[in-house]
2 protein chains.
Amino acid sequence: MGRLLNYLATGLFCCHAVYDGAVTDVTSTGTATTPTKRGRGEKSSATIYDIAKLAGVNPSTVSRALSKPGRVSAKTQKIIEDAAAELNYQVNPFARALPTGRTQTIGLIVADITNPTFFDIIRGAETTGSARDYTLVLAESAESPETEVTAARRLLSTVDGLILASPRMDDDHIRALAADKPVAVINREIQGVPCVVPDVNKGISEAVRSLAANGHEKLAYVAGPKQSWMTARRWDGVKAAAEWSKLSAVRLESSKPTVDGGRQVARDVLDSGATAVITYNDLLAIGLMQELQAGGMRVPDQISIVGFDDIFGADFTTPALTTVRSPLGECGTRAVTILLDMLQGQDAPGEAVRVETELVVRGSSGRLLV
Amino acid sequence: MGRLLNYLATGLFCCHAVYDGAVTDVTSTGTATTPTKRGRGEKSSATIYDIAKLAGVNPSTVSRALSKPGRVSAKTQKIIEDAAAELNYQVNPFARALPTGRTQTIGLIVADITNPTFFDIIRGAETTGSARDYTLVLAESAESPETEVTAARRLLSTVDGLILASPRMDDDHIRALAADKPVAVINREIQGVPCVVPDVNKGISEAVRSLAANGHEKLAYVAGPKQSWMTARRWDGVKAAAEWSKLSAVRLESSKPTVDGGRQVARDVLDSGATAVITYNDLLAIGLMQELQAGGMRVPDQISIVGFDDIFGADFTTPALTTVRSPLGECGTRAVTILLDMLQGQDAPGEAVRVETELVVRGSSGRLLV
DNA sequence: TTGTAGGCGTTATCAG
DNA sequence: CTGATAACGCCTACAA
């Protein structure tokens, strides 16, 4: 029954009119040597056949003129363009995609649309994509590896290339996708697949050094989701930098990488005795800070907090959040660029593209006032 | 030259292999009565022809079995499904879209991806869309009416329905789009087009009443972009509520509806002598609050600030922002629902769908301490 | 340079 | 219930 309604609904589409007409035509002409659809008063978009008729040339010539200018005499070119303009012709992307395989779209899959981390990536991708005339198709995996593969497979068949932001599925799945069509990965490094990865080391060592310089000796790292490739990288970075700066570092787990998760981990942070905390992301940092402040702690006098990413809103807090900024927007941009370059035949970059992270010092970190 | 590269790039696509083979086939068979593409070892997705061959039935039967189950005998149905599974068949959405007109996608155009207001809308739309098996296609208009029409036209030809969030183009353009395909508008009301609009009155009157109850007598409204339909509605609401509560209300202009714009308008706010401010959106409120606090004002003791929307991060500030919440996510959801219902043949709702706004009292508003 | 004639994968019509 | 077969709109060898 849903089906029926579904079917009737096509009445809303312009092309339905075509059908009605086409049927009549066929019964009368038999062999449709003249695929001419005559004017159904409506707006139902014009085809290259309409243009051809109006310009007095063959449809194929129209196709050539419109898709690869230069393969047609300047004169007919103009005639055709004028006709196209007059009918305000628009290519039918689907019809073009069929023989061509190209859709002028790129897909982006994010783990969680709710997470502001991805906002910048989305924006970066949309902006640089549409600058090169590509449309962005968005999907979310809801942090589930399974949903992610499904969504990826579905998308992959409709787009020219796919971007996976912080993917949760395993490496092999990703490689399988990449074997089909150009794929770029953000926030994770996978051999043989083009990746854009913030290089956490610079930012982290800046952060740890700054903390050490401010008299901190005991550091805690609040980790993110276990499946996250990044949470491990960041912890590695923190460990290494701490060692180098002769700080002790302890790793704490969070239930989820959100403001709420941050609140919940406050107890553990306190118990750990650390005077400085670096969190897996800004959300955790913000939640943690709120909870600690609510408990009477003074930030940064008694405890310093450093977040990660510099998401939208990180500077809304009081004190504003010190954080290791990942150029998320740039990641989106770079990923799209890589994809489009591959689409033009260029090789994928041999190894992961690294974008710099940097410490953004704001109010939530500073000297320890015993 | 870019063209050439472009062309070569198709080698990356699975379907290129089909071409190579097809060409060979044609030269040998002449009339392609057997459109059979034989196995090109690759993964290049299977077609209903492959299934048909494997199942020993006609392609058209496969099509029926797969698209509208029930029009085929239970037995063959199963055979076909098994075959499809074995070849892990996936429909080609483009091929399907061509005769059908349906693409299983809906488009969403936002004025500014940068603006967190839209994040919730995007999320709501993506979520409820994909729950009903629709994919979201995203585009931005960069606040420009022209870009918006262009993007809209381009999108419209590729999607089943279109959502316009806070559109900047004029009513007639929108009606024209709506005449072609189902269109839903968020944050603006247009006769004859399905709209989802937060009903500001409830939230605003709550806000103004609360302000009045706290001893405020002079109110300022910081307006948003001139082209924004909403900025006018909100000002209307504020004026009316103020009158009702016997407050004086003055309208101030902002340069842009951002944190920065909020900072810049601080001077005017001070000069106005108002002790309470309602801003067009949260961003303005946050910027304004930061600037006032930087200048030594105490919020809310000396001045109360009320934002609009309750965007992500509105509660990161100190004091947390009091704001009139618009259920943006719900707007996205509702818009998609309307669209999909229309796609199923239901009528568009006769008049604008109103979603409730409500005052969220947090720390930035309160009693005036002279 | 332009016209001719398939074919891309699906759906839909019309016989059987 | 199932098989042919013609569209859908566009692209591209190949021939003229």
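Proteins get letters first, then strands, A, B, ... in listed order; numbering begins at 1 in each.
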Report the distance from atom CG of B:Leu66 to atom C1' of C:dG9, rounded to the nearest whole Å.
13 Å
With heavy-atom distances below 4.5 Å as the criterion, would you say the side chains of A:Phe94 and B:Thr158 are in contact?
yes
Should B:Val336 and B:Tyr134 count as side-chain neighbours, where that means a heavy-atom distance under 4.5 Å?
no
Please report the distance, rounded to the nearest Å, between CD in B:Gln104 and C1' in C:dT10.
14 Å
So do B:Ser67 and B:Arg96 actually touch side chain to side chain, heavy atoms under 4.5 Å?
yes
Return no unless some side-chain N or O of A:Ser60 is found under 4.0 Å from OP1 or OP2 of C:dG3.
no
Indicate, with a heavy-atom threshold strictly under 4.0 Å, whether B:Ser73 touches base, sugar-phosphate, or nothing.
sugar-phosphate
Taking D:dT2, D:dC10, C:dT10 as options, the one with an atom nearest any side-chain atom of A:Asn92 is D:dC10
Nearest-nucleotide check on DNA chain C, A:Thr76 vs B:Asn58; residue mapping nearer the 5' end is A:Thr76
What does B:Val57 touch in the nucleic acid at a heavy-atom separation under 4.0 angstrom: a base, only the sugar-phosphate, or nothing?
sugar-phosphate
Is the phosphate of D:dC10 approached by A:Thr100 (side-chain N or O, under 4.0 Å from OP1 or OP2)?
no
Nearest-angstrom distance from the residue atom CZ of B:Arg102 to P of C:dT10
18 Å
Close side-chain approach of B:Pro182 and B:Leu343, heavy atoms under 4.5 Å
yes
Nearest-Å distance, CZ (B:Arg64) to C1' (D:dT2)?
6 Å
Hey, does B:Gln90 reach any base, or is it just sugar-phosphate, or nothing, if we go heavy atoms under 4.0 Å?
sugar-phosphate
Flag side-chain contact, heavy atom, 4.5 Å: B:Thr337 against B:Arg132:
yes
Distance below 4.0 Å between A:Arg96 side-chain N/O and D:dC11 OP1 or OP2:
yes
Residue-phosphate contact under 4.0 Å: B:Tyr49 side-chain N/O, C:dT11 OP1/OP2
no
Would you kindly give the CG-to-P distance between A:Leu98 and C:dT11, to the nearest whole Å?
12 Å
Using atom CD1 of B:Ile48 as one end and atom C1' of C:dG7 as the other, report the distance to the nearest whole Å.
14 Å
Integer-rounded Å distance: D:dC11 C1' and A:Tyr89 OH:
11 Å
Between D:dT12 and A:Lys68, is there an OP1 or OP2 to side-chain N/O distance shorter than 4.0 Å?
yes
